[in-house]
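The next block holds one structure in the form of structure tokens; read it before the comments.
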Amino acid sequence: MSELWLISVPGDKTNLTALDRMNTVTSKANLSSNAKFVIPELKVGTLDALVGLSDELGKLDAYAESLIKKIAQYIGEVMDDSTDKAQENLLANGVDLISYLARFEWDMAKYPVKQPLKNIMEVLSKQMSQIDTDLKSRSSAYNNIKGSLQSLERKTVGNLLTRTLADIVNKEDFVLDSEYLVTLLVVVPKSSYGAWQKTYESLSDMVVPRSTKMIAEDAEGGLFTVTLFRKVMDDFKAKARENKFIVREFLFNEKELQSEKAEIVKLAADKKQLYGPLLRWLKVNFSEAFIGWIHIKALRVFVESVLRYGLPVNFQAVVLQPNKKSMKRLRDVLNAIFRHLDENAAANMKDIGMEIPGLQLSSQDYYPYVCFKIDLTNLDF
């Protein structure tokens, strides 16, 4: 995705003519795709209140943007087996984000324009906060199950020296409930199969003849059973180790093995059960958060336009999607066309920091016209 610029200029005849010139130049030179961005007339209040509101809106804007990125990244995490499709879930009102911005309409039902600006901002703030709280709760529940499942699944991979044996061994492989006999599990390298068969009975006294059997094999070796008397177990382990035969420390417990298998099945089922509802919630609330964020941007344009251009309220907002390769040229064109809005600032933009009512920006962030960036680049997977 790309970065978009939301700009506004005064709505008088001179500046609307300049706006038309901008649209003509940027279209012919393929610098950007432009669309009108209609912001309804909102309650202005006092200029002092607008200055304070400008600062609060800046903080809310940053919070909303971070929340949107967080939701998008989590969609990618949840859809880890199909991240190509994750991008398809980043929609606003059922359309792609660029289309939503190009056809933006103020949501009168959610954010009534007869309300004071501060009230609208507080509604948006509560909405973002609630989505953030719900995201933390839902992601925590899903991540706990996913993490536990991955932890158990990791035990089923790796070689026979380290992996769990719960899905390999059977009750029939062992001599159980014997006071004198015990069955051991031994990992034997593939190159030593012959040596094992020839020597295992003589590694110590009291090994049961012909008691070995291979019950599993991987790329590196095999897992063999061997039965012997308990009292020679330590001696057998030491002699086996000298011959590069590794005895696994394993005690057959049918209940524990069944419990481990059942836990994997349960966690997999729980994860699957949560996946669908979680993904639907993420899609819906990404859309809600994104729409809310763009309304915050609209509020910022409105407030800053009033502070810059004065009363009565009269400005035209436009959203531009710059051509990535021509962003500097586009900025130069805009600064040239709208230089008359602030000749002094335009002349000194590169040399000094400007203090703008309600804004604390460095010189490179200030332009003769109102401008706010909408950065969608971090929503790419």
With a 4.5 Å cut-off on side-chain heavy-atom distances among I, L, V, M, F, W and Y, is there a chain of contacts connecting [X] to [Y]?
| X | Y | result |
| --- | --- | --- |
| V38 | L101 | no |
| V95 | L376 | yes |
| V313 | L307 | yes |
| V333 | V319 | yes |
| V157 | L267 | no |

So, for [X] and [Y], which heavy atoms are closest and what is the spacing to 0.1 Å?
| X | Y | value |
| --- | --- | --- |
| A289 | I71 | CB-CD1, 4.1 Å |
| A102 | A35 | O-CB, 3.7 Å |
| N89 | F286 | O-CD2, 4.5 Å |
| L117 | V44 | CD1-O, 4.1 Å |
| I337 | M22 | CD1-CA, 3.6 Å |
| R163 | L160 | CG-CA, 4.0 Å |

[Y] side chain reached by [X] side chain, heavy atoms, under 4.5 Å:
| X | Y | answer |
| --- | --- | --- |
| I120 | L124 | yes |
| L311 | V306 | yes |
| L330 | L334 | yes |
| S54 | L57 | no |
| E242 | K239 | yes |
| Y63 | S125 | no |
| N93 | F290 | no |
| L31 | M327 | no |

Between [X] and [Y], a side-chain donor and acceptor under 3.5 Å:
| X | Y | result |
| --- | --- | --- |
| D332 | N335 | no |
| T227 | T183 | yes |
| D96 | S99 | yes |
| Q316 | S8 | no |
| S32 | N34 | yes |
| D342 | Y366 | yes |

Test salt bridge (charged side-chain N to carboxylate O under 4.0 Å, His left out) on R300 and E304 and set out the steps. CA-CA 6 Å; R300 294 194 75 187; E304 182 60 17; over 6 Å; no
Could you tell me the separation between the [atom1] atom of [X] and the [atom2] atom of [Y], rounded to the nearest 0.5 Å?
| X | Y | atom1 | atom2 | answer |
| --- | --- | --- | --- | --- |
| M79 | L279 | CE | CG | 5.5 Å |
| D55 | L50 | CG | CG | 13.0 Å |
| L42 | K114 | CG | NZ | 13.0 Å |

[atom1] of [X]: more than 12 outside heavy atoms within 6.0 angstrom?
| X | atom1 | result |
| --- | --- | --- |
| K190 | NZ | yes |
| R331 | CZ | yes |
| E122 | CD | yes |

Kindly determine whether K36 and F104 satisfy side chain to side chain contact (heavy atoms under 4.5 Å, CB included), including the steps that lead there. CA-CA 9 Å; K36 274 189 177 181; F104 173 79; over 6 Å; no
Would you confirm whether [X], through its side chain, and [Y], through its main-chain N or O, come within 3.5 Å as a donor-acceptor pair?
| X | Y | value |
| --- | --- | --- |
| S151 | G147 | no |
| N323 | K325 | yes |
| S192 | A195 | no |
| T225 | D173 | no |
| N15 | G11 | no |

Using a strict cut-off of less than 4.0 Å between a Lys/Arg side-chain nitrogen and an Asp/Glu carboxylate oxygen, indicate whether [X] and [Y] qualify as a salt bridge.
| X | Y | answer |
| --- | --- | --- |
| D132 | K70 | yes |
| E249 | K237 | yes |
| R210 | E201 | no |
| K146 | D270 | no |
| D235 | K231 | no |
| K297 | D61 | yes |
| K69 | E65 | yes |
| E288 | K110 | yes |

K261 vs D167, test: salt bridge (charged side-chain N to carboxylate O under 4.0 Å, His left out). Steps then yes/no. CA-CA 7 Å; K261 288 179 183 177; D167 57 336; over 6 Å; no
Quick one: name the residues clustered hydrophobically with V208, using the 4.5 Å side-chain heavy-atom rule over I, L, V, M, F, W, Y, and just say none if it's on its own.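 V208 shares its hydrophobic cluster with V175, Y180, L181, V182, L184, V186, V188, Y193, W196, Y200, L203, M206, V207, M214, F224, V226, L228, F229, V232, M233, F236, F245, V247.
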For F252, ring-ring contact (aromatic ring centres under 6.0 Å, His included) partners two or more places apart: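 Per chain and number, F252 pairs via ring-ring contact (aromatic ring centres under 6.0 Å, His included) with F174.
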If you apply the rule side chain to side chain contact (heavy atoms under 4.5 Å, CB included), what do you find for L53 with L299, and how did you get there? CA-CA 10 Å; L53 201 62; L299 283 180; over 6 Å; no
If the test is ring-ring contact (aromatic ring centres under 6.0 Å, His included), which one of Y100, Y111, F37 qualifies with H295?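 By the ring-ring contact (aromatic ring centres under 6.0 Å, His included) criterion, H295 pairs with just one of Y100, Y111, F37: Y111.
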Please determine whether side chain to side chain contact (heavy atoms under 4.5 Å, CB included) holds for the pair E263 and L152, giving the CA-CA distance in whole Å, both sets of side-chain angles, and the decisive distance to 0.1 Å. CA-CA 9 Å; E263 183 66 8; L152 287 175; 3.5 Å; yes
Should L274 and Y142 be marked as a side chain to side chain contact (heavy atoms under 4.5 Å, CB included) after you check the CA-CA gap, both sets of side-chain angles, and the distance that decides it? CA-CA 7 Å; L274 285 179; Y142 185 78; 3.9 Å; yes
Residue among Y309, F315, F338, Y369 satisfying side chain to side chain contact (heavy atoms under 4.5 Å, CB included) with P10: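 With P10 as partner, Y309, F315, F338, Y369 yield a single side chain to side chain contact (heavy atoms under 4.5 Å, CB included), made by Y309.
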